[in-house]
Engineer: 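Below you'll find the structure I mean.
If you read the sequence from its start, that first residue is 1, and numbering goes on from there.
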Amino acid sequence: MVTHANNSARPLSQRLAQALDGYPLQTDQHTGATLMCMPDVEEHTEHYLSIEHGDSVHRGMLTGVLGGALGGFLLIMAMLAYYHGNPQNALQALIIAIACAVLPFLWEVLRPMPLPILFNRRTRELYFEQDGKLYHSPWDGIAAAAYSMNTVGPYTGRMGHAALEVLLHRYAHPEEQVLINLGSPLGKSLRMQLGFWEYLRAYMDNGPWFDEEGNTCESPVFNHSMLEVRKRRGQWARLQWRDIKNQYRANNGRNFLGADDLVLLIGGIFLAPMNAIQNLTYAIAKRRSRSRWPELIRERLEADGPTSRLVDLEQHQAG
């Protein structure tokens, strides 16, 4: 059954696109879109690329708000109370501040985090885990499609979105299939999703490092620059200050600091502790969650791990 599914992947991709009223995608055909990376890309390494999904994007936010914002405010109040000779009030504020940081941190770090969607360059396949079930598909000939949609709300009006979806099947149970989104479709256009598909094609076929045209490149500079969009969270103050300095140089020191620049700079400084704690919590939760991958996936992510595909293992077991 696995072999039959692989041989019919091309018409399956076309049927998928037709069912979704979308754009059929092939791994060996260029869409004509400009290569584009998305903030959903969590890691871009030499051997694999990961895309976050589910509520993992919000992991660390609660700790950042309670620990970084509320906890920071209470810490300042504790210092003021101690300065004015109220050690008891200062101690109470300090205890609450620590609780605001520690309790949500432990809850978010210890709670299982949704595993990312993985693109393995070495074995040329995709992995996805849900509810303890492992899904996968070979990259070559994968069934994929992109399509656009509109949503209408009483407050937002009509909004356009676009999705990029691929079809996977469950490991050792090829009759069970799942259709997954490669990132959130909200706020994205069809052109953006096609550009992201080209990014994935360049990674799997010409990677790990490539230039803006998708051609093989020895330097990772371009790929790291694409991931800068993820690093901007928590660095708003630094980035705003950089923009202010650039304006200063461009205007020769005249009229470079407007009221909006000042507000954004102060806001970035105020939110910096919250964002820093959120990023730290996210990083720790991510490292803990990676151990939940089955051993046959973890070993294939290693530089010297097996290169056999899961579909090959299925065929061997079936034979």
Engineer: Can you list the residues that meet the side-chain contact (heavy atoms from CB on, under 4.5 Å) rule with Ser308, with sequence neighbours excluded?
Structural biologist: Arg300, Pro306, Leu313
Engineer: How far apart are the closest heavy atoms of Gln193 and Ser184, and which atoms are they?
Structural biologist: NE2-O, 4.1 Å
Engineer: First locate atom CD of Glu198, then atom CG of Leu194, and finally report the distance between them rounded to the nearest 0.5 Å.
Structural biologist: 7.5 Å
Engineer: In terms of hydrophobic clusters joined by side-chain contacts under 4.5 Å, are Val109 and Val65 together?
Structural biologist: no
Engineer: Measuring from atom OG of Ser50 to atom CZ of Arg290, what distance do you get when rounded to the nearest 0.5 angstrom?
Structural biologist: 5.0 Å
Engineer: With distance as the sole test, does Ser289 use its side chain to make a donor-acceptor pair with the main-chain N or O of Pro112 at under 3.5 Å?
Structural biologist: no
Engineer: Determine which pairs satisfy ring pair (Phe, Tyr, Trp, His ring centres under 6.0 Å) with at least one residue from residues 171-204, sequence neighbours left out, and list them in order.
Structural biologist: His44-Tyr199, His44-Tyr203, His136-Tyr171, Trp139-Trp197, Tyr199-Phe210
Engineer: Consider side chain to side chain contact (heavy atoms under 4.5 Å, CB included). Of Leu49, Leu301, Ile51, which one does Leu118 pass it with?
Structural biologist: Leu301
Engineer: Nearest 0.5 Å please: distance from the CD atom of Gln26 over to the CZ atom of Arg201.
Structural biologist: 10.0 Å
Engineer: Is Leu200 reachable from Phe222 through a run of hydrophobic residues whose side-chain heavy atoms are each under 4.5 Å from the next?
Structural biologist: yes
Engineer: For Ala97 and Leu74, which heavy atoms make the closest approach, and how far apart are they?
Structural biologist: CB-CB, 3.8 Å
Engineer: Of all heavy-atom pairs between Gly195 and Ala33, which one has the smallest distance, and what is that distance?
Structural biologist: N-CB, 3.7 Å
Engineer: Please identify which of these residues, Arg292, Glu129, Arg59, meets the side chain to side chain contact (heavy atoms under 4.5 Å, CB included) condition with Pro114.
Structural biologist: Arg59
Engineer: Taking salt bridge (Lys or Arg N to Asp or Glu O under 4.0 Å) as the definition, give me every residue that meets it alongside Lys188, ordered by chain and number, with sequence neighbours left out.
Structural biologist: Asp40
Engineer: With distance as the sole test, does Gln278 use its side chain to make a donor-acceptor pair with the main-chain N or O of Gly60 at under 3.5 Å?
Structural biologist: no
Engineer: As an exercise, state the distance from CG of Leu179 to CD of Glu165, rounded to the nearest 0.5 Å.
Structural biologist: 4.0 Å
Engineer: Should Leu280 and Ile98 be regarded as members of a common hydrophobic cluster, given that ILVMFWY residues are connected when their side-chain heavy atoms come within less than 4.5 Å of each other, either directly or indirectly?
Structural biologist: yes
Engineer: Give a yes-or-no answer on whether the side chains of Glu108 and Thr281 include a donor-acceptor pair shorter than 3.5 Å.
Structural biologist: no
Engineer: Is there a chain of hydrophobic side chains (I, L, V, M, F, W, Y, each step under 4.5 Å between heavy atoms) that links Leu91 to Ile96?
Structural biologist: no
Engineer: Could you state the interatomic distance from CG (Leu25) to CD1 (Ile142), rounded to the nearest 0.5 Å?
Structural biologist: 10.0 Å
Engineer: So, using side-chain contact (heavy atoms from CB on, under 4.5 Å) as the criterion, who are the partners of Glu295 when residues are at least two apart?
Structural biologist: Arg298, Glu299
Engineer: So, does Gln177 use its side chain to make a donor-acceptor pair with the main chain of Leu167 at under 3.5 Å?
Structural biologist: no
Engineer: Before giving the answer on side-chain contact (heavy atoms from CB on, under 4.5 Å), spell out for Leu296 and Leu134 the whole-Å C-alpha distance, their side-chain angles and the decisive distance to 0.1 Å.
Structural biologist: CA-CA 11 Å; Leu296 79 166; Leu134 176 61; 4.3 Å; yes
Engineer: Find out whether Tyr147 and Pro185 are in side-chain contact, i.e. whether some heavy atom of one side chain is under 4.5 Å from a heavy atom of the other.
Structural biologist: no
Engineer: Do Thr63 side-chain atoms and Pro104 backbone N/O form a donor-acceptor pair below 3.5 Å?
Structural biologist: yes
Engineer: Where the side chain of Asp211 meets the backbone of Glu213, is there a donor-acceptor pair that is under 3.5 Å apart?
Structural biologist: yes
Engineer: Using the rule given for side-chain contact (heavy atoms from CB on, under 4.5 Å), can you reason through Leu126 versus Tyr135, listing the C-alpha separation, both sets of side-chain angles and the distance that settles it, and then say yes or no?
Structural biologist: CA-CA 8 Å; Leu126 278 69; Tyr135 297 87; over 6 Å; no
Engineer: How far apart are the closest heavy atoms of Phe119 and Met204, and which atoms are they?
Structural biologist: CB-SD, 3.9 Å
Engineer: For a quick test of reading the model, state the closest non-hydrogen atom pair linking Val221 to Ser219 and the distance between them.
Structural biologist: CG2-OG, 2.9 Å
Engineer: Would you name the heavy atoms of Met192 and Met38 that are closest together and state the gap between them?
Structural biologist: O-CE, 3.2 Å
Engineer: With sequence neighbours left out, which residue pairs that include part of residues 64-112 fulfil the ring pair (Phe, Tyr, Trp, His ring centres under 6.0 Å) condition?
Structural biologist: none
Engineer: Filter on side chain to side chain donor-acceptor pair (under 3.5 Å), then keep only pairs touching residues 112-125, sequence neighbours left out; what's left?
Structural biologist: Asn120-Thr123, Asn120-Tyr127, Thr123-Glu125, Thr123-Tyr127, Arg124-Asp140, Arg124-Asp205, Glu125-Tyr127
Engineer: Is there a path of hydrophobic side-chain contacts, each under 4.5 Å between heavy atoms of I, L, V, M, F, W or Y residues, that connects Leu75 with Val102?
Structural biologist: yes
Engineer: As an exercise, state the distance from CD of Glu212 to CG of Asn223, rounded to the nearest 0.5 Å.
Structural biologist: 10.5 Å
